[in-house]
There are 2 protein chains.
Amino acid sequence: MNRASDLAALAALLADQTRAAMCLALLDGRAWTAGELAAHVGVAPSTATGHLHRLIDGGLLAERRQGRHRYVQLADPTVAHLIEDLSARFGPRPAPARGLREATAGAALRRGRTCYDHLAGRLGVGLTDAMTAAGLLDQANGFALTATGLAWLTDELELSPDELRSGRRPVARGCLDWTERRQHLAGTAGAQLCRRLLDNRWVARIGSGRAVRLTPAGKTALGRLLELPDLD
Amino acid sequence: MNRASDLAALAALLADQTRAAMCLALLDGRAWTAGELAAHVGVAPSTATGHLHRLIDGGLLAERRQGRHRYVQLADPTVAHLIEDLSARFGPRPAPARGLREATAGAALRRGRTCYDHLAGRLGVGLTDAMTAAGLLDQANGFALTATGLAWLTDELELSPDELRSGRRPVARGCLDWTERRQHLAGTAGAQLCRRLLDNRWVARIGSGRAVRLTPAGKTALGRLLELPDLD
DNA sequence: ATGACGGTTCGGCGTGCGCCGAAGGGACCC
DNA sequence: GGGTCCCTTCGGCGCACGCCGAACCGTCAT
C-alpha cells in the first residue's frame with residue numbers, strides 16, 4: 001500500500017510534460033540554470049521554480065547555488081539511466097526536420113552524442129560493436145567487459161582500475177539508444193571511456209549541445225586499436 | 001518537445017496510486033481478473049475498468065478475455081523490469097508487521113519469492129552469488145553469463161539453448177532486489193532457471209502469492225551443483 | 001425463463017495541480 | 001546608492017482526472 005504511493009509519487013515527477021522536458025534536457029549531464037531551463041521548455045520562471053522544487057525534493061535533481069544563479073543537474077547516474085530506460089519505450093522520432101538548420105542538427109545528433117556521461121548515437125553504438133567484435137565486450141550473454149576488455153581499457157587507454165570499479169555503479173552496462181534502438185556501453189566504463197576520448201580530443205563536442213563528432217586524430221588513433229565501422 | 005510528452009504520458013500511467021498498486025500486484029507475473037485487482041487495491045469495479053483501459057492503451061498491460069472474465073497481466077518482461085527499476089529507488093520497507101500472520105508472511109517473502117518471472121529475495125540473491133562464485137556469472141564487470149555458465153545451464157539443468165537466446169530480451173541481466181538491495185539474475189536465463197526449478201519441484205510456491213521456498217529435494221540437488229550459502 | 005455475477009458505460013462531484021502575472025528579495029555592476 | 005538581473009513567493013484561474021453509484025449488457029447457472 002505504502003509502496004504504491006512511493007512509486008506513484010516518483011512517477012508523478014515525470015508525469016508532467018514540462019518536468020519531463022526539463023529532465024530530458026538535463027540528460028546531457030551538465031548543470032543548467034533555472035532560467036535556461038524555463039526558456040528551453042517554454043514556461044514562466046515562476047513556473048519553473050515550482051517544478052524544480054518538486055524534482056529536487058523527489059531526489060531526481062541536485063542543486064548548486066552560486067551567486068544569484070541556481071544550477072541544477074541530475075542527481076546521479078541512476079536517474080539518467082532511469083530516464084533513458086523510460087524513453088527507450090518509444091520508437092525513434094523520425095525528426096520532422098522543418099528547415100535545413102534543424103535537419104543538420106538532427107543528423108549530427110544521430111551521428112554521435114553524449115548520453116548523460118557516455119557516448120551514444122551511431123558513434124556510441126559503433127564503438128560498442130567494435131569492442132564486441134574485438135572480444136572486449138560480451139553482449140550475447142548479458143552485457144559485461146571480458147578480462148581482455150578490462151585490460152584493454154587500462155593498458156591501451158590508460159584508465160585507472162581503481163576509478164573503474166568505484167562505488168555501487170556497475171562497471172559495464174547496456175544503455176538502449178532511442179535513435180539506433182541498439183545497446184551501447186554505459187556504466188563507469190562507458191563514462192571513463194567517454195571522458196578519455198574527449199580529453200584526448202579524439203572526440204569533440206559540436207557547439208554547446210549534446211552532439212559530438214569523431215575528430216580526424218581520433219579516427220586514426222581508434223582505427224589502430226579497433227576495427228571501426230564506417231560512421232558516415 | 002514531442003518526446004517529452006511521450007515520456008510524460010508513460011510516467012502518468014504509473015503516477016496514480018491506484019494504478020501503481022495494480023502494477024505492483026501484477027509483478028507476480030500472473031494474470032489477474034479486473035475484479036480481483038479492484039478488490040486488491042480497494043476501488044469500485046467501475047474505477048478499475050477505467051484504469052485498466054489506460055494501462056492497456058499505454059502498452060503496459062495485456063488483456064485476455066475469457067467468458068465473462070477479463071484477465072490482465074503485464075505486457076512483457078521489459079515492463080516488469082521498468083517497474084522493478086523504479087521501485088528500487090526506495091529503501092527496503094521494514095515491514096511494520098502488525099500481527100504474527102503478517103510478520104511470517106513478510107519473512108517468507110524476504111526469504112524467497114518470484115519477481116515477475118525469475119527468483120528474488122534471499123533465495124534469488126544467494127543463487128546468483130553461488131553462480132558467481134562458481135565462475136558461471138560475471139557480476140564484477142557488468143552482468144553476463146560466462147561460457148561455462150552457459151554450458152552449465154544447458155548441460156546440468158538441461159535448458160534449451162534455442163529458448164535461451166530467443167528474441168530481443170537479453171540472456172542475462174541484473175535485477176535490483178528491493179529487500180536485499182542486491183542484484184540477482186534476470187533475463188531469459190533467470191526466467192528459464194526459475195521455471196526449471198519450479199518444474200523440478202526444487203523450489204515450490206507457498207500459498208497463492210509470490211513467496212517461494214527451497215524444497216528439501218532442491219536443497220540436496222542444488223547443493224551437488226553449487227556451493228549454496230545458508231538461506232535461513 | 002430467471003437470477004446471479006463480472007464487467008462496462010455514463011453522469012456528476014470534488015480536488016489537485018499547472019499556469020501566469022505581480023510583487024518581493026538577494027546578488028552583482030557601476 | 002541606484003539599477004539590473006535571477007530567482008522566488010503568492011494569489012487566482014481553469015482544466016484534467018480520480019472517484020463513485022446507477023443503469024446496462026453478456027455469460028453462466030439452475
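Throughout, protein chains are lettered first and strands after them, A, B, ... in sequence-line order, and every chain is numbered starting at 1.
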Got a sec: does the CZ of A/Arg195 have more than 12 other heavy atoms crowding it under 6.0 Å?
no
Which nucleotide wins on minimum distance to the side chain of [X], given the candidates [options]?
X: A/Arg19; options: C/dG18, D/dC28, C/dT9; answer: C/dG18
X: A/Arg54; options: C/dC17, C/dG6, C/dC19; answer: C/dC17
X: A/His69; options: D/dT8, C/dG7, D/dC6; answer: D/dC6
X: B/Ala34; options: C/dC17, C/dT8, D/dC7; answer: C/dT8
X: A/Arg68; options: C/dA27, D/dG21, D/dC7; answer: C/dA27
X: B/Pro45; options: C/dT8, D/dC19, C/dA27; answer: C/dT8

Any side-chain heavy atom of [X] within less than 4.5 Å of one from [Y]?
X: B/Arg173; Y: A/Phe143; answer: no
X: A/Tyr71; Y: A/Glu63; answer: no
X: A/Trp32; Y: A/His40; answer: yes

Whole-Å distance separating the [atom1] atom of [X] from the [atom2] atom of [N]:
X: B/Arg65; N: D/dT27; atom1: CZ; atom2: C1'; answer: 13 Å
X: A/Leu13; N: C/dG16; atom1: CG; atom2: P; answer: 17 Å
X: B/Gln17; N: C/dG16; atom1: CD; atom2: P; answer: 13 Å
X: A/Leu37; N: D/dT8; atom1: CG; atom2: C1'; answer: 16 Å
X: B/His51; N: C/dG7; atom1: NE2; atom2: P; answer: 16 Å
X: B/Leu14; N: D/dG18; atom1: CG; atom2: P; answer: 12 Å
X: A/Arg70; N: C/dG26; atom1: CZ; atom2: C1'; answer: 14 Å
X: A/Asp16; N: C/dC19; atom1: CG; atom2: P; answer: 5 Å

Counting only side-chain nitrogens and oxygens, does B/Thr47 get under 4.0 Å of the OP1 or OP2 atom of D/dC20?
yes
Does B/Thr18 put a side-chain nitrogen or oxygen below 4.0 Å from OP1 or OP2 of D/dC19?
yes
Result for 5'-nearest mapping on DNA chain C, choosing between B/Gly50 and A/Gly67, is B/Gly50
Please state whether the rings of B/His118 and B/His184 are parallel, tilted or perpendicular, taking 30° and 60° as the class boundaries.
tilted
